[in-house]
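Naming convention: chains lettered A, B, ... in sequence-line order (proteins, then strands); numbering from 1 in each chain. Quick caveat: nothing in here was measured; it's all calculated off a predicted structure.
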Amino acid sequence: MTKNVVVIGGGASGIEASRRLRDLGYSPVLVEKEDHLGGHLASWNRLFPQMIPAKDILKSLTSDMKGIEVFLNTEVISINRLKDSYVVKFSNGLSAQVKAILITTGFTLFPAQKKQEYGYGIYDRVITNADLEAWFNGNKDKRVTDPQVIGFVHCVGSRDEKAGNRQCSKVCCATAVKQAIEIKEKFPDAVVYCFYMDLRMFGRGYEDMYLKAQKDYGIRFLRGRVSEVSEDINGRLVVKADDTLLGKPVKISMDLLVLMSGMIAPESNMELSKMLKVLPGEDGFFSPANAISNPTLSNRDGVFFAGAATGPKTMPETLSEGRAAALEIDSYLKRVGD
Amino acid sequence: MIFQGKQKIWSEYQKDIPEDHYFYVRSCIRQSFFPASEKTFLDIVKGELGKDFFETPHHTTCGGIAYHAEAVPQETMMTIIARQFALMTENGYENYVCSCITSFGLYTEVMEDWREFPELEAKIRENLWKATKREFKVPKYLAHASDIIYKFRNEIAERAKFRLVNHKTGAPLKVVEHIGCHYSKMFPSKGVGGAEYPYVLAGMIESWGGEVIDYPERRHCCGFGFRQYLVKANRGYSMSNTYKKFESMEPFEPDMIITNCPGCPYFLDRWQYVIAEQTGKTYGKDGYGIPVFTYEEVAGLVLGYDPWDLGLQTHQVAVEPLLDKMGVPYKPEEKYKGVGGKVIVPPEFPMNIKCC
Amino acid sequence: MVNFGYGLTPSSAVKIIEGEDKLYRKLCEMEPDVKKCMACGSCAASCTAGDFTEMNLRKLILSLQRGYYQQALPMVKNCMLCGKCNIVCPRGINTRHLIMSIQKIYNL
């Protein structure tokens with residue numbers, strides 16, 4: 001039997017785990033449903049707080065893919081358990097018999113149009129964090145045209161039971177502050193507001209980034225959720241929110257509103273979890289057997305997790321988990337005998 | 001504004017409204033506010049469209065006003081509603097349509113409550129039996145009367161004598177649509193078009209030739225707010241909310257407002273008078289206000305009914321500027337005549353808002 | 001005009017109109033540290049005057065930022081410049097100096 005491992009999901013943690021498995025002497029099969037590797041990393045522009053270009057990271061990640069079988073535009077159709085292995089069938093007609101499967105399915109962005117009151121897809125000047133990254137990447141977007149007043153709405157579809165999503169998406173606070181700084185660099189005369197509930201600046205350097213946003217870029221932070229967005233007769237956005245620290249409702253006319261769409265579990269997790277017989281949590285993300293001692297282990301032999309498949313994570317966390325999962329699979333396969 | 005974005009939302013919130021056979025219940029207050037609207041509704045669905053709409057003099061209030069003013073407890077209100085359903089059941093109907101938005105919201109709420117808590121429904125059944133010896137079935141389908149006009153909007157358009165178009169210039173009239181809060185804000189899936197961008201009135205306006213205006217305070221309440229209005233000390237809040245809406249729609253220069261709630265047309269109409277008398281401000285052209293209509297009145301105008309038969313003389317804000325734009329003929333001298341041409345005393349006219 | 005026994009209530013919403021916060025921009029030039037405020041409220045919690053009066057530096061800074069100063073400025077007269085807020089500010093803002101600059105710019 002070949003020393004195969006199937007890695008489902010070709011985002012950052014999937015790539016990193018595959019490379020490490022290859023280095024350990026295995027022949028991983030990396031399955032990606034899109035036509036390119038990199039997941040969300042491939043569409044992002046720069047990463048906080050060091051502002052490292054995403055394409056540099058992706059480039060170094062994918063620089064050496066030798067020994068890794070990559071299936072693009074491919075999905076997993078079925079997984080069958082044999083005595084001590086799994087038969088995984090792919091939509092490209094191929095299949096693999098393996099003793100270990102690594103789930104690196106990551107996340108999808110909350111569809112911002114679901115928060116209808118913010119008018120994404122209805123009002124001309126409402127965009128999402130992903131749209132803004134695409135614009136930073138050089139994609140043309142006529143919605144971003146010389147804005148004088150810009151707003152960032154944190155927690156769009158996160159921490160929101162009404163949106164069916166209770167959890168915090170962890171990285172959007174820092175992303176919003178990063179993007180606020182970046183857009184202020186592009187439009188130095190613009191006034192930039194961040195509407196936040198709590199600012200979760202948990203990582204090293206994040207608080208410094210927040211301070212820099214205030215001190216050097218004059219970004220204004222307004223604690224309160226946006227209640228509704230509408231358009232005035234000139235096509236400018238009218239944004240209503242509660243300034244909870246001032247204890248008053250506020251109304252601001254804006255030229256651009258950026259919705260920080262949160263991370264949610266991909267819908268395909270349900271299908272995958274049925275095939276693997278590992279139940280996702282209430283939030284749709286996979287649950288490790290022990291989230292503290294080893295977040296890469298599932299409660300099923302031979303099934304492993306890495307990255308945002310088990311919940312929102314930052315890029316360095318995702319990459320570390322990819323590496324950790326490779327080591328974990330290696331010791332598992334040595335134990336059961338590959 | 002991305003129109004396709006709205007269309008997408010509208011397509012997600014469509015209701016499967018039955019064609020025919022409805023049990024119709026009236027509103028408590030509409031018959032005094034806009035006396036001809038409900039009659040016009042029945043004239044259209046029964047007379048024009050030949051549908052079966054049944055009503056009985058035995059029906060009562062749904063208890064909504066008392067419930068929302070916290071004058072009666074929930075159980076009482078539910079038993080009143082159960083009796084209405086019993087009348088529907090006894091007369092052999094399964095589709096229930098109400099004229100009032102508050103009733104619609106309340107019926108929806110009650111039906112959802114019973115679905116979630118069957119023991120509550122059982123208790124109400126017992127209450128009703130003890131009090132009246134009646135039994136009931138929960139309606140198979142609950143509609144608001146505006147859903148029905150929405151459903152038949154194109155049939156009405158086919159029969160149109162007049163359209164929501166300036167008959168001199170051919171330009172579509174600019175129409176503000178105002179949806180009663182209890183229509184879909186509580187249960188977005190129960191309203192045509194959902195809660196944020198309701199389509200029920202917008203659909204009629206499009207179908208009849210008008211242009212819908214989306215102004216910043218479109219979603220805002222008309223200001224009625226039950227206790228805000230019912231308690232005189234709070235009445236200023238009620239009016240301030242209406243004022244906020246008018247200030248917001250003013251730059252769009254709307255020709256008319258269409259509503260689907262009993263309270264909204266009343267407050268949007270009468271507060272224009274109070275605002276004018278207190279501040280001197282009017283929102284229409286040349287000292288007039290912006291005329292406010294119920295959807296039945298507009299359907300009636302489109303179908304060519306006589307404006308005074310539609311009860312438009314009971315509006316505070318003069319409707320004549322709109323009738324002139326649409327090209328609807330009317331006899332000014334008939335405006336304040338009673339049934340059979342009986343001369344009744346014309347009302348006293350306000351100081352600051354022009355009323356023809 | 002007719003007296004109905006009730007009237008319009010002014011909106012409590014703060015309408016933030018850009019370009020009308022010239023004074024705040026001037027304050028930022030004179031006192032750049034004001035931008036560092038993260039509205040934690042340490043100043044207000046330790047304020048000697050705050051126990052007895054409207055004084056609340058956190059709210060004052062926010063109000064100035066939102067252009068809502070006319071309603072907020074009267075609180076400044078209650079400040080005794082004791083400097084306790086200066087000691088506690090976690091972002092190291094010279095709050096005492098800031099209050100004096102506010103008085104200068106807003107002509108108090």
Over 12 foreign heavy atoms within 6.0 Å of [atom1], [X]:
{"X": "B:Y237", "atom1": "OH", "result": "no"}
{"X": "B:E119", "atom1": "CD", "result": "yes"}
{"X": "A:K55", "atom1": "NZ", "result": "no"}
{"X": "A:E282", "atom1": "CD", "result": "no"}
{"X": "B:M1", "atom1": "CE", "result": "yes"}

Report the distance from atom CG of B:D214 to atom CG of A:D232, rounding to the nearest 0.5 Å.
11.0 Å
I'd like to know which of A:K240, A:E117, A:K251 tops the heavy-atom pair count under 4.5 Å against chain B.
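The candidate making the most pairs under 4.5 Å is A:E117.
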I'd like to know if the side chain of B:Y215 and the backbone of A:S230 have a donor-acceptor N/O pair within less than 3.5 Å.
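Checked: no pair found.
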Quick one: does any side-chain atom of A:E231 pair with a main-chain N or O of B:P216 as donor and acceptor, under 3.5 Å?
no
Using a cut-off of under 4.5 Å for heavy-atom pairs, which of B:E12, B:R219, B:K6 has the most such pairs with chain A?
B:R219
Side-chain donor-acceptor contact under 3.5 Å, B:E196 with A:Y118
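Note: B:E196 and A:Y118 side chains miss the donor-acceptor criterion.
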To check you understand the geometry: which heavy-atom pair defines the closest contact between A:Y123 and B:R218, and what is its length?
OH-NH2, 3.9 Å
Using side-chain contact (heavy atoms from CB on, under 4.5 Å) as the criterion, point out the one residue from A:D124, A:V126, A:I122 that pairs with B:I2.
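Of the listed residues A:D124, A:V126, A:I122, the side-chain contact (heavy atoms from CB on, under 4.5 Å) partner of B:I2 is A:D124.
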